[in-house]
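Just below is one structure, and these are the notes that go with it.
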Amino acid sequence: MSWPGPAASYAAQREEIDDAIRRVLDSGRYILGEEVEEFEAEFAAFVGTPEAVGVASGTDALAVALRSCGIGQGDRVATVAHTASATAAGIELAGAEPVLVDIDDTSMVMDVGSLARTLEDVDGVRAVVPVHLYGQPVDMPAVLDVARANGALVVEDAAQAHGAKMGDRRVGAWGDAAAFSCYPTKNLGALGDAGVVTANAETAAQARLIRQYGWRERYVSDFPGINSRLDPLQAAVLRVKLRQLDADNEQRAVVASWYHEVLPAAVTKPAISESTSHVFHQYVIRVAERGSLIAHLAAAGVPASVLYPVPIHRQPAYAGRLRCDPAGLAVTDAVCESLVCLPMHPLLTRAQVEFVADSVATWLERQP
């Protein structure tokens, strides 16, 4: 059985994408330029923010967003331990120190009670980075209330949640800035690495300086910047895919509804809230003995995975050196030991979903 991935997404829009790439090749402009500016304007309009700034990756997007908000050396930034290590890497690239909080057992995203407890316990936290993981929005009004009460800025990590909403407001439009990844497997994926910062006009202006050496005048750095420019080839591809993003997200929700319908009741399925629109970057279930399930699915030809098996506070690069919620990260540890990501893509068929569900059911029947 063939499972759809980035190549299938390209094939579905091959003619439009090829035309866009030829347009860039014919233009002779291969760094920044009009194609990038057009994508930035279109993405900002999509998210509902004044500005968007294209950079080279999602990790860079988070670092640039934090620096553009004035976060840097000596500052602390609260985020979750259940996320890609890219979140911690982006914070440290900005010169700041990650401080780790726990997640909610149902939504698997930032627990606001843990955030409040941690901000009270740890001095010097100047920013909060809520991670909209798997396509599930964080409770942004609650996060903003806690952050503002503690004098902290909010920079959203929306790398896995392009198009997700709370009410009528998309993620990326809630905080002081936001970071998106456009890695090829994301809901809005390029044909290589790419990232976007969304922000107000002042913060975006700072982001544009940071992404290109701190230049206001070419070859003259007003302050230390970096080289993190979205190239026009990727911008052109993203412009094509952005037009299809809402439709793709709607189809992801359909695929999720099939999973909800046909998966056995014995597995814990992802929470769906009426107040948010989950865009299902991943469809994540939780089971005991997940290693056994993944091996069973692999034998059946089902490409299940684990995002993420080791929380930040237990990874060798970070273990023992980062401050955490004083009450610990028990929910994070439990979730990371039990989650399984089933195949998710807008081009999945009902038959493929039923095949996955039947494979899970067969595994359950064999459990003691």
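Looking at Leu297, Val302, Leu348 one by one, the single match for side chain to side chain contact (heavy atoms under 4.5 Å, CB included) with Leu342 turns out to be Leu297. Shown are Arg321, Gln73, Arg76; of these, the side-chain hydrogen bond (donor to acceptor under 3.5 Å, both in side chains) with Glu97 is made only by Arg76. Under the salt bridge (charged side-chain N to carboxylate O under 4.0 Å, His left out) rule, Arg23 has a single partner from Glu34, Glu38, Glu35, which is Glu35.
Here the OG1 atom belonging to Thr268 is positioned 11.5 Å from the CG atom belonging to Leu339, to the nearest 0.5 angstrom. Here the straight-line distance linking atom CG of Asp18 with atom CG of Leu25 works out to 10.5 Å at 0.5 Å rounding. In this structure, CG in Leu245 is found 10.0 Å from CD in Glu250, a value given to the nearest 0.5 Å. Expressed to the nearest 0.5 Å, how far CD of Gln136 lies from OG of Ser107 amounts to 5.5 Å. Rounding to the nearest 0.5 Å gives a distance of 12.0 Å between CE of Met110 and CG of Asp104. Rounded to the nearest 0.5 Å, atoms CD (Glu289) and NE2 (His296) are 14.5 Å apart.
Linking Ile, Leu, Val, Met, Phe, Trp and Tyr whenever their side-chain heavy atoms come within less than 4.5 Å leaves Leu209 and Leu93 in two separate clusters.
Applying the ring-ring contact (aromatic ring centres under 6.0 Å, His included) criterion to His132, with sequence neighbours excluded, gives no partner residue. Applying the ring-ring contact (aromatic ring centres under 6.0 Å, His included) criterion to Phe43, with sequence neighbours excluded, gives Phe39, Phe180. Remark: Val310 pairs with Arg314, Gln315 by the side chain to side chain contact (heavy atoms under 4.5 Å, CB included) rule, at least two apart or across chains. Shown here are the side chain to side chain contact (heavy atoms under 4.5 Å, CB included) partners of Leu364, two or more places apart in sequence or in another chain: Pro264, Ala266, Val267, Val360.
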Donor-acceptor pairs are to be reported for all side-chain atoms of residues 187-195 against protein atoms at under 3.5 Å, with residues two or more places apart or in another chain.
residue	atom	partner	partner atom	Å
Asn187	OD1	His281	ND1	3.1
Asn187	ND2	Asn249	OD1	2.9
Asn187	ND2	Val279	O	3.1

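Shortest non-hydrogen contact noted between Ser292 and Gln367 is OG-NE2, 4.0 Å. Looking at every heavy atom in both residues, Ser57 comes nearest to Asp60 through OG-N, 3.1 Å. Between Phe280 and Arg252, the shortest heavy-atom contact is O-NH1, 3.0 Å. Nearest heavy-atom pair across Ile17 and Lys241 is CD1-CE, 4.0 Å. Closest non-hydrogen pair, Ala147 versus Val128, comes out as CB-CG2, 4.0 Å.
Between the side chain of Gln212 and the backbone N or O of Arg218 there is no donor-acceptor pair closer than 3.5 Å.
A donor-acceptor contact closer than 3.5 angstrom is absent between the side chains of Tyr283 and His278. In this structure, a donor-acceptor pair under 3.5 Å is absent between the side chains of Ser114 and Asp102.
Other residues sharing the hydrophobic cluster of Tyr219, ordered by chain and number and joined by side-chain separations under 4.5 Å: Tyr213, Trp215.
The neighbour count for Tyr183 OH, taken as heavy atoms of other residues, nucleotides or ligands under 6.0 Å away, does not exceed 12.
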message = Apply side-chain contact (heavy atoms from CB on, under 4.5 Å) to residues Asp176 and Thr203 and explain how you reach the verdict.
response = CA-CA 8 Å; Asp176 297 284; Thr203 302; over 6 Å; no

